[in-house]
Amino acid sequence: MDKMIYMDHSATTPVKKEVLQEMLPYFSEFYGNPSSVYQLSSKSKLAIDKAREQVAKGIGAKKNEIYFTGGGSEADNWAIKGIAYRHREKGNHIITSKIEHHAVLHTCEYLQKQGFEVTYLDVDEYGMVRLEELEAAIKENTILISIMFANNEIGTIQPIKEIGQIARKHKVLFHTDAVQAVGSLRIDVNEMNIDLLSMSAHKLYGPKGVGALYIRQGTRIDPLIAGGAQERNKRAGTENIAGIVGTGKAVELAYDNLEENNRKLIALRERLIKGIQDKIPHVRLNGHPEKRLPGNVNFCFQFIEGEALLLSLDMVGVAGSSGSACTSGSLDPSHVLLSIGLPHEIAHGSLRLSLGLANTEEEVDYVVDQLTGIVDRLRMMSPLYDKIQGGI
Amino acid sequence: MDKMIYMDHSATTPVKKEVLQEMLPYFSEFYGNPSSVYQLSSKSKLAIDKAREQVAKGIGAKKNEIYFTGGGSEADNWAIKGIAYRHREKGNHIITSKIEHHAVLHTCEYLQKQGFEVTYLDVDEYGMVRLEELEAAIKENTILISIMFANNEIGTIQPIKEIGQIARKHKVLFHTDAVQAVGSLRIDVNEMNIDLLSMSAHKLYGPKGVGALYIRQGTRIDPLIAGGAQERNKRAGTENIAGIVGTGKAVELAYDNLEENNRKLIALRERLIKGIQDKIPHVRLNGHPEKRLPGNVNFCFQFIEGEALLLSLDMVGVAGSSGSACTSGSLDPSHVLLSIGLPHEIAHGSLRLSLGLANTEEEVDYVVDQLTGIVDRLRMMSPLYDKIQGGI
Amino acid sequence: MYSEKVMEHFTQPRNVGEIENADGVGEVGNAKCGDIMRMYLKIDGDVITDVKFKTFGCGSAIASSSMATELIKGKTLKEAMELTNKAVADALDGLPPVKMHCSVLAEQAIKSALVDYSKKSGVKIEGLEDVDFDDEHLHDLPENEEE
Amino acid sequence: MYSEKVMEHFTQPRNVGEIENADGVGEVGNAKCGDIMRMYLKIDGDVITDVKFKTFGCGSAIASSSMATELIKGKTLKEAMELTNKAVADALDGLPPVKMHCSVLAEQAIKSALVDYSKKSGVKIEGLEDVDFDDEHLHDLPENEEE
Ligand SMILES: Cc1ncc(COP(=O)(O)O)c(C=O)c1O
Ligand SMILES: Cc1ncc(COP(=O)(O)O)c(C=O)c1O
């Protein structure tokens, strides 16, 4: 195979042709600043308005509850810091989980330095938050629960509706990092009692550097980026019109074809999982077997290290990712893999293949095939495998 | 004239053809997440690296001192909050001016609520900060001076080098909001003793929703957006590669042709200023007559209101802006115009025409012509003009 | 932003000007806030036979003045008293929320001119006592749901 | 990210495997940190006649092992003792800063095998006493200039 097989859609996705097409006029033609009075600007205003409507529709929100941001990380930071600072008088306790994205975890750690108290909930072996533990963690001074919708590494989908119910019952605000879920899963912020929800366009075939925060009407929150009156005084900065237009279109396309896309992705996912399990010994599927993102496959391959695996895959044209320390730029392997109870040496051997709309059965079979050889080769080099083989 | 005459380049600019051209491959072709291991990602990494170099070169900085952001407002918020929170132990006093952009002013006001102390310096009739006042305002607990490089409304350029010297002398960090200056004026962060500098791509023919903060090496600063390890652990979020590439290219182009462009812009500016002064009575040029942005023209037309002026200009195909309350979405006219000592009723009648590379002498003459008629018509309707004419 | 009707009345305002020896003249608003409206009425018995205005203000202030003068021209004093700001805005096919105060100003300018007429002529006009000419609080701030 | 040399030694590593009845065997690193290197030496008098390795680790760990074995094969014990991690990295046309610890590991694996040889054979090797096999602090954190 000569062309690249891209199986890292959870890291980012290419911008869809239709999405880019909608964006293009807003760079050099309809470039007016929406805050201006003249006619050129009304084009920008209308475009943003339409995108806001598209995004709102995707998650069952009202148009005026969508605030565009510079990405998923900004949305997470804003939601958590914005609520924390604004509601400090009411309380200073935040509940989150140990498997959140760093945009949530590092924000919470930052707030701890500023005097906030944070509970990091454990998860079970599949990466599920336990509802009883969540409810038991709520205290008088709890102001926010932040639990991700679906995990970016192992794909596990949380019981968001139930978490929302618990939050509502205790009158605590509920934020969910839905960066991996928007465009992949049906979401209804009302049915699910979600008060704040983060999303990022580049995970759903939209452009990078733009995202949105859903904020339930009436929710009091401090701005993260103060300044001009954009986004109804809540998020300053000249609007990234092309990016916003792309976000709207991407969300619309994703939800227009969700069931069909997901049927296809789940079939590919199961084929890939089965292929690996059938062909390669000493593997472990990470994440929940059913409650997982349609395109997510995550395995640990014992006795070998993930970066070596990725490099080898890259040599044969396959793009994936790993929770190994060598790829995370830190000393430890992925906090998510450790939180589901994996020992370090196993976690180092993880591989995530996240499928997308362009992947095919043929590609899946090719990847299984290549992987079999690669894993074998790396194991033959590994002193750990050696010990197992030798019965030591 | 049938085509629009755009004279609102200080609000935003169209993306240049060459800039968009460089950006395009990074949407759907070289879309790899730079944090990944495979080859596709190295394209993204290299592209960001090149852009960082281009931006750094533009302002005389080192490559590793440039941090990309989601725009100018984010850069301003980050610089000020990041320094304030990080250096709180050293002191809680910030000095800024009364004519800063809202991204700076509202951030400072926000910090005041959090226990910081802020001095807002007055400016003279031209909008200049007085150096003695600045120096006198520095106290034991001063941690940051934030003075904009050039004003977005009246175009006045501050004595940045001298401010930098004062800051250095007193060992206080110096941030400058150079959103209007980058790509319009020569900048050297070392010669000018600048420690932090904000910029925004869409003001210099780059894309919207992307900007950068220059942070002098060794400066300790808290992140505004925490999360992944992007931007050397200082600004989280998957990189807006296309936007960053566009920023780099836009800065490069601007500085490659700066002197030539500015000669042209200044000639147009002086023609426009002279035309208005010659043809229309009861006008006042706002801002410094010489120390002003090459493309900035700002007048007050007595007895009439700015929004009516803008609408009338729009009817004849001219796009401008005003500091009138009616266009700022607040009760009061521009804080900048009030700070240079204009009474409210005069400030309401302001018009900013900011010239760009595509404007021509012919367009300038047309605008002067149209403006003469429009101002006359509105004055004939105005009860204030009436009083003047009638000698009351 | 504005309806076509607003733009039409802004670009071709009706009844601009002054009336010499007007029977009633009213002025509301102030330059500090960016809008002043002055209305001139010519009154014959019970009927407003002519009306003119001068306005310093934004597009919708000028359009509101124009529309308001049109709506009361040839009408009785009672009918003029019944003109609401909403009627002015509706006749303009609506105004943006932040601009509604312009229509309020137009209503007040008429009432202020009627007060002047009433004072000068001694004719009592029902309802005029209750009019509040304080403009300062009429401006709407941009939408900000939370506070 | 990696030089061509690194990729070449990663994809076609030299001297992979074990030596039965090796004269010296050393193992450094630990699975927890994600890299283990084991080196086997065959020694004849003063000369390393054969060397093999097994490595659990990332691409640069495998490439460093491969290069290190190449650099000491056929060399004297003294020459092997003089091999620095920098020499390994240089021979690979450089390693990214965060990967320099891999070359350190390779140097240590050799020294550890020499220690084993020294113990088993009773042959004293100069300089071995000073070697520090603590690996934990070798990993570099991503650049963060300020702290
Ligand atoms: C001086 C100044 N600072 C900051 C900004 C904010 O930049 P942005 O709109 O890109 O966030 C602007 C423009 O809006 C500006 O003119
Ligand atoms: C679950 C999750 N949250 C947040 C983010 C951050 O989004 P972005 O990189 O767009 O800032 C990501 C992806 O990077 C993610 O997967």
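All chains are named by letter (A, B, ...) in the order of the sequence lines, taking the proteins before the strands, and each is independently numbered beginning at 1.
- In this structure, the portion of A:R377 lying under 4.5 Å from any heavy atom of chain D is its side chain and not its backbone.
- Among the candidates D:G34, D:G59, D:A31, D:C58, the residue making the largest number of heavy-atom pairs closer than 4.5 Å to chain A is D:C58.
- The backbone N or O of A:L384 lies less than 3.5 Å from no partner atom in the side chain of D:R38, so there is not a single donor-acceptor pair.
- By the 6.0 Å contact criterion, OH on A:Y126 is open, its count of non-hydrogen atoms from other residues, nucleotides or ligands being 12 or less.
- There is no contact between D:M37 and chain A, counting heavy-atom distances below 4.5 Å.
- For a residue to count as touching a neighbouring chain, one of its non-hydrogen atoms must lie under 4.5 Å from one of that chain's; by this rule A:M381 touches chain D with backbone and side chain alike.
- Around the NZ atom of D:K86, the shell of radius 6.0 Å holds no more than 12 heavy atoms that belong to other residues, nucleotides or ligands.
- Taking CD from A:E305 and CD1 from D:I36, the interatomic distance works out to 11.5 Å, rounded to the nearest 0.5 Å.
- Applying the 6.0 Å contact sphere to NZ of D:K5 captures no more than 12 heavy atoms from other residues, nucleotides or ligands.
- At least one donor-acceptor pair closer than 3.5 Å links the side chain of A:H348 to the backbone N or O of D:K32.
- Enclosure of atom CE in D:M81 by more than 12 non-hydrogen atoms of other residues, nucleotides or ligands within 6.0 angstrom is indicated.
- D:F10 and A:A308 make their closest contact through CZ-O, 3.2 Å (heavy atoms, listed as atom of the first residue, atom of the second, distance).
- D:F56 and A:F303 make their closest contact through CD1-O, 3.1 Å (heavy atoms, listed as atom of the first residue, atom of the second, distance).
- Under the 4.5 Å side-chain criterion, counting only non-hydrogen atoms from C-beta, D:N30 is not in contact with A:H344.
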